[in-house]
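Only one structure is covered here, and it is reproduced in the block below.
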Amino acid sequence: MPELPEVETTLRGITPSLLNRRIVSLDVREPRLRWPVQIPSDVCGKRIVRLTRRAKYLLLYVDAGALILHLGMSGHLRIVSGNVPPGKHDHLDILLDHGLALRLTDPRRFGSLHWQPHPVADHWLLRNLGVEPLSDAFTGDYLFARSRRRRAAVKNFLMDAHVVVGIGNIYANEALFKAGVRPRIAAGRLSRARYREIVARIRETLTTAIGQGGTTLRDFVGSDGRPGYFANELLVYGRQGKPCRRCGVMLKGLRVGQRSTVYCPNCQR
DNA sequence: ATAGTCACCTGAGCGC
DNA sequence: TGCGCTCAGGTGACTA
């Protein structure tokens with residue numbers, strides 16, 4: 001479900017309810033997420049002092065370290081009143097000292113929750129991540145340098161979290177359309193100029209999507225329960241066989257690295 | 001190091 | 001209604 005814009009939307013939504021609150025308890029009803037959930041009990045009683053996002057991970061900092069939360073494919077977080085009975089896929093609650101709780105709902109259970117003492121960035125899930133796409137480090141020159149001698153499709157290259165984080169299948173498709181680049185071109189064959197364009201379009205796409213509260217395809221909702229509205233602005237994702245919104249030519253669908261891919265054979269070269 | 005495939009799960013949608 | 005199949009927003013593990 002969530003790519004960077006959806007995680008960022010979630011972060012912004014939950015922060016006011018969590019910041020400076022004490023964790024009263026963790027209620028893990030289903031520990032069988034992507035990795036077994038095992039959180040030391042002394043996290044309880046600690047105050048949440050900072051909330052950030054790294055890649056698609058949400059980091060909830062207390063003094064000694066941070067909880068690291070990932071939403072997987074189907075996860076979302078809601079702020080609920082502590083006494084609302086959990087539904088079938090509401091796997092865990094983090095109860096707070098003002099009576100509200102952060103509740104993780106995740107039907108497919110690809111999400112995860114870890115605890116990491118300082119330094120948090122040393123956690124094995126975070127250690128080898130690439131640059132943030134909305135940071136100054138993400139430039140056309142960076143992508144150009146990293147892509148040399150790489151024969152994999154540029155779409156896979158952009159979705160490789162060792163290179164750049166946060167770009168999933170929707171936004172890879174969208175950004176490549178806007179940049180006019182075919183998804184299957186070998187990453188190592190694109191020019192510096194084309195990577196500059198790709199970077200600009202990725203930034204633009206992610207920023208716009210964040211402004212719309214992310215993309216809701218079926219079940220994503222922000223922490224307030226509202227869907228994201230970027231789905232209305234999708235230019236290619238999920239539109240194979242339909243006319244290109246720019247030129248009217250029929251969009252083509254194919255598989256690139258096991259993921260559904262859509263492009264315009266006229267606008268993308 | 002890089003590239004490709006598999007696996008982990010549940011639910012929705014579709015054809016029959 | 002039900003069955004079986006395919007697909008889905010992610011990503012680590014494994015293989016060559």
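Throughout, a chain's letter reflects where its sequence line sits, starting with A, and its residues are numbered from 1.
At distances below 3.5 Å, at least one donor-acceptor pair connects side-chain atoms of A:Arg109 with backbone N or O atoms of A:Arg32. Between the side chain of A:Ser147 and the backbone N or O of A:Phe144, at least one donor-acceptor pair lies under 3.5 Å.
In this structure, A:Arg50 satisfies the cation-pi test against A:Tyr61, with its NZ or CZ atom closer than 6.0 Å to the six-membered ring centre and inside 45 degrees of the ring normal.
Contact annotation: A:Ser74 side-chain N/O to B:dC9 OP1/OP2 distance is not under 4.0 Å. The phosphate of C:dG10 (OP1 or OP2) has no side-chain N or O of A:His70 nearer than 4.0 angstrom. For C:dG9, the OP1/OP2 oxygens have no side-chain nitrogen or oxygen of A:His76 closer than 4.0 Å. When the side-chain nitrogen and oxygen atoms of A:Lys88 are compared with OP1 and OP2 of B:dG11, one or more of them lie within a distance under 4.0 Å.
The base of B:dA3 lies outside donor-acceptor range of the side chain of A:Arg150, with no N or O pair under 3.5 Å. For A:Arg151 against B:dT2, a side-chain-to-base donor-acceptor contact under 3.5 Å is absent. Looking at A:Arg108, its side chain comes within 3.5 Å of the base of B:dC9 through a donor and an acceptor atom.
Residue A:Arg34 is classed as a base contact, given a heavy-atom separation below 4.0 Å to a base. Residue A:Arg32 is classed as having no contact, given no heavy-atom separation below 4.0 Å to the nucleic acid. Counting any heavy atom pair closer than 4.0 Å across all strands shown, A:Tyr57 reaches sugar-phosphate atoms only and no base atom. Heavy atoms of A:Tyr237 sit under 4.0 angstrom from primed sugar atoms or phosphate atoms, though from no base atom. Nucleic acid contact class of A:Arg259 (heavy atoms, under 4.0 Å, all strands): base.
Listed candidates were C:dG12, C:dA8, C:dG10. Nearest to the side chain of A:Arg255 is C:dA8. Among B:dA3, C:dT11, B:dC9, the nucleotide with an atom closest to any side-chain atom of A:Ala152 is B:dA3. Checking C:dG12, C:dT11, B:dG11 against the side-chain heavy atoms of A:Trp124 singles out C:dG12 as nearest.
Looking at heavy atoms from C-beta onward, A:Pro243 lies out of side-chain contact with A:Val249 at the 4.5 angstrom threshold.
Searching all strands for a Watson-Crick or G-U wobble partner of C:dC3 with both distances below 3.5 Å returns B:dG15. With both pairing distances under 3.5 Å, B:dC9 is matched to nothing as a Watson-Crick or G-U wobble pair.
No donor-acceptor contact under 3.5 angstrom links the side chains of A:Tyr57 and A:Arg53, judged on distance only.
Protein atom OH of A:Tyr171 is 14 Å distant from nucleotide atom C1' of C:dG10, rounded to whole Å. In this structure, the CG atom of A:Leu234 is 14 Å from the C1' atom of C:dA8, given to the nearest Å. The distance between atom NE2 of A:His162 and atom P of B:dG4, rounded to the nearest whole Å, is 16 Å. Note: CG (A:Asn156) to C1' (C:dG12) measures 16 Å, nearest angstrom. A straight line from CG of A:Leu71 to C1' of C:dG10 spans 11 Å, rounded to a whole angstrom. Between the P atom of B:dC9 and the CG atom of A:Asp106 lies a distance of 12 Å, rounded to the nearest Å. Distance, A:Glu30 CD to B:dC8 P: 16 Å, rounded to whole Å. Following rounding to the nearest Å, A:Leu69 (CG) and C:dT11 (P) show an atom-to-atom distance of 13 Å.
Comparing B:dC9 with C:dC3, their P atoms are spaced 23 Å from each other, to the whole Å.
Of the residues listed (A:His118, A:His114, A:His70), the one engaging A:His123 in a ring pair (Phe, Tyr, Trp, His ring centres under 6.0 Å) is A:His114, and it is the only one.
A salt bridge between A:Glu132 and A:Arg54 is present, with a side-chain N of the basic residue lying under 4.0 Å from a carboxylate O of the acidic one.
Projected onto DNA chain B by closest heavy-atom contact, A:Gln258 and A:Arg148 fall at different nucleotides, the more 5' of which corresponds to A:Arg148.
Ring stacking is absent between A:Phe110 and C:dT11, as the pair misses the limits of under 5.5 Å between centres and under 30 degrees between planes.
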